[in-house]
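Shown next, in structure tokens, is the structure this report addresses.
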Amino acid sequence: MTAQEYTAHYFAMRDVLRFLLVALIGALVCLFVILLASRATAKGRTRLEKRWDFYYRSRNMSQRFDEMIFSATSILSFLAVYYLIDRFATDPDFRVFWDRWCDFILLGMIVVSCIVNNYFDVMLIPLKKITKDEKASVRLVGMFYIMVIFLYIKFVYENDNYDGFIMYFLGLIIGRFVYFDTSLRGSLKTMKDGAKNIPFLILGLVYTAFMCIYGFGTDYLLISNGVLVSTFIAHLFMVVAIFILHHSHLIALFSRKPKQLPPAPAVEDYAPIEEDYLEYDDYEDPM
């Protein structure tokens with residue numbers, strides 16, 4: 001297929017709307033799973049404290065999930081561009097340049113993807129309910145998320161085109177744990193923080209699998225232009241679905257902000273509540 005044929009295929013409005021609807025259904029299911037998990041893990045000595053904890057957890061957990069999808073999408077975007085350039089660039093002079101510098105270009109693209117991810121966090125959905133440490137740990141798990149996708153492509157589709165990417169990400173993951181001034185305690189803390197986000201890793205992979213099964217099954221996603229590129233396209237729809245769902249404020253229907261403040265609880269009694277939730281001076285009674 002030519003570039004024009006690929007464009008006509010992916011921008012057929014009827015197919016776009018169908019795939020977006022599937023993405024919205026998947027995002028909605030993920031949200032309800034997060035709400036159920038938030039409700040099940042809510043802590044507190046009184047009913048009011050549990051309601052505040054549920055309110056906090058539901059937003060914190062949903063935004064950690066969003067951050068993982070954003071992180072994976074930003075990385076996949078530049079890997080897809082790299083793959084397309086490497087596959088379709090035929091100009092002899094450019095190929096000489098590309099073959100010489102492609103490794104450094106890939107590394108630069110990965111760095112740029114981190115910058116793009118920061119814009120996702122601000123422009124699409126302001127992720128104000130997660131801390132910087134939580135965001136860093138989610139992005140670490142996001143690397144494992146990408147690795148699982150690569151390994152699936154390699155062993156299920158028996159495609160060895162991405163072996164170079166796999167080695168890059170193995171190096172990045174190892175480097176995240178082992179660096180020149182690392183300590184055993186620091187490495188253990190990194191692993192512990194990352195392990196807290198494994199449920200989001202599993203949920204995200206199930207969401208991705210759902211999108212890809214539908215996409216490849218209906219031939220909207222095409223293997224012919226690369227499984228990686230098709231997976232990236234699926235993630236674009238996932239990001240749009242999450243954006244729509246977030247700005248619909250649907251979560252507010254199931255996790256309302258309590259009208260009363262709880263009595264000042266001990267921090268160890270239940271999950272810490274951010275200052276903007278429990279700041280007495282700034283709190284406005286909805287009534």
Side-chain angles (χ1 to χ4, degrees), residues 1-11 67-121 123 136 138-180 182 201 204-205 208 211-212 215-216 220-239:
M1 293 177 67
T2 64
Q4 291 79 8
E5 289 173 330
Y6 278 124
T7 301
H9 172 80
Y10 285 120
F11 284 92
E67 172 62 20
M68 191 186 65
I69 298 299
F70 292 165
S71 176
T73 304
S74 62
I75 294 173
L76 284 171
S77 65
F78 287 93
L79 293 180
V81 170
Y82 178 94
Y83 172 79
L84 291 173
I85 293 174
D86 187 61
R87 177 179 174 182
F88 293 108
T90 57
D91 181 76
D93 293 334
F94 180 79
R95 288 303 311 184
V96 171
F97 167 80
W98 180 260
D99 292 339
R100 182 177 181 180
W101 298 104
C102 61
D103 290 339
F104 295 98
I105 293 173
L106 176 58
L107 183 60
M109 285 182 169
I110 293 173
V111 173
V112 173
S113 73
C114 297
I115 299 174
V116 172
N117 193 16
N118 290 332
Y119 280 99
F120 276 1
D121 296 350
M123 296 176 64
V138 169
R139 291 184 179 182
L140 172 62
V141 174
M143 291 185 182
F144 285 99
Y145 179 96
I146 297 295
M147 276 296 301
V148 172
I149 291 175
F150 281 143
L151 293 174
Y152 181 85
I153 294 173
K154 179 176 177 63
F155 293 108
V156 175
Y157 286 94
E158 298 182 352
N159 189 328
D160 297 329
N161 292 332
Y162 307 115
D163 287 356
F165 292 159
I166 292 174
M167 295 307 298
Y168 268 105
F169 274 89
L170 278 175
L172 288 173
I173 291 171
I174 293 172
R176 182 64 179 82
F177 289 99
V178 182
Y179 41 95
F180 72 95
T182 188
L201 170 66
L205 289 172
T208 300
M211 293 292 294
C212 290
F216 290 120
Y220 181 72
L221 298 180
L222 302 173
I223 297 177
S224 59
N225 68 334
V227 179
L228 177 65
V229 176
S230 294
T231 305
F232 164 64
I233 292 172
H235 276 75
L236 280 180
F237 279 87
M238 291 160 65
V239 168

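Just so we're clear, the structure is a prediction, and the values are computed from it rather than from any experiment.
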Separation between CD1 of Ile146 and CZ of Phe150, rounded to the nearest 0.5 Å: 6.0 Å
Regarding Tyr145 and Ser71, is there a side-chain donor-to-acceptor distance under 3.5 Å anywhere? no
Can you confirm whether Asn225 sits close enough to His9 that some side-chain heavy atom of one is under 4.5 Å from a side-chain heavy atom of the other? no
So do the side chains of Leu84 and Phe232 get within less than 4.5 Å of each other, counting heavy atoms only? no
Report the distance from atom CE of Met238 to atom OG1 of Thr208, rounding to the nearest 0.5 Å. 3.5 Å
Would a 4.5 Å heavy-atom cut-off, applied to side chains only, mark Tyr83 and Val229 as touching? yes
For the backbone of Ala72 and the side chain of Arg139, can you confirm whether one donor and one acceptor N or O come within less than 3.5 Å of each other? no
Side-chain contact, heavy-atom cut-off 4.5 Å: Tyr82 with Trp98? yes
Whether Ser230 side chain and Leu222 backbone form a donor-acceptor pair below 3.5 Å: yes
Taking all non-hydrogen atoms of both residues, which atom of Ala80 and which atom of Leu228 are closest, and how far apart? N-CD2, 4.1 Å
Passes side-chain contact (heavy atoms from CB on, under 4.5 Å), Phe97 versus Ile105? Steps please. CA-CA 11 Å; Phe97 167 80; Ile105 293 173; 4.0 Å; yes
For the pair Tyr10 and Tyr220, name the ring-plane relationship: parallel under 30°, tilted 30 to 60°, perpendicular over 60°. perpendicular
Side-chain contact test, heavy atoms from C-beta onward, threshold under 4.5 Å: evaluate it for Asp86 versus Arg95 and give yes or no. yes
Side chain to side chain, Val141 and Met68, heavy atoms closer than 4.5 Å: yes
Rounding to 0.5 Å, atoms CG (Leu201) and CG (Leu205) come to a distance of 4.5 Å
Got Met109 and Leu79 here, is their nearest side-chain heavy-atom distance under 4.5 Å? no
Separation between OG1 (Thr231) and CZ (Phe216), nearest 0.5 Å, reads 5.0 Å
Ignoring hydrogens, what is the shortest heavy-atom contact between Leu221 and Cys212? Give both atom names and the distance. CD1-CA, 4.1 Å
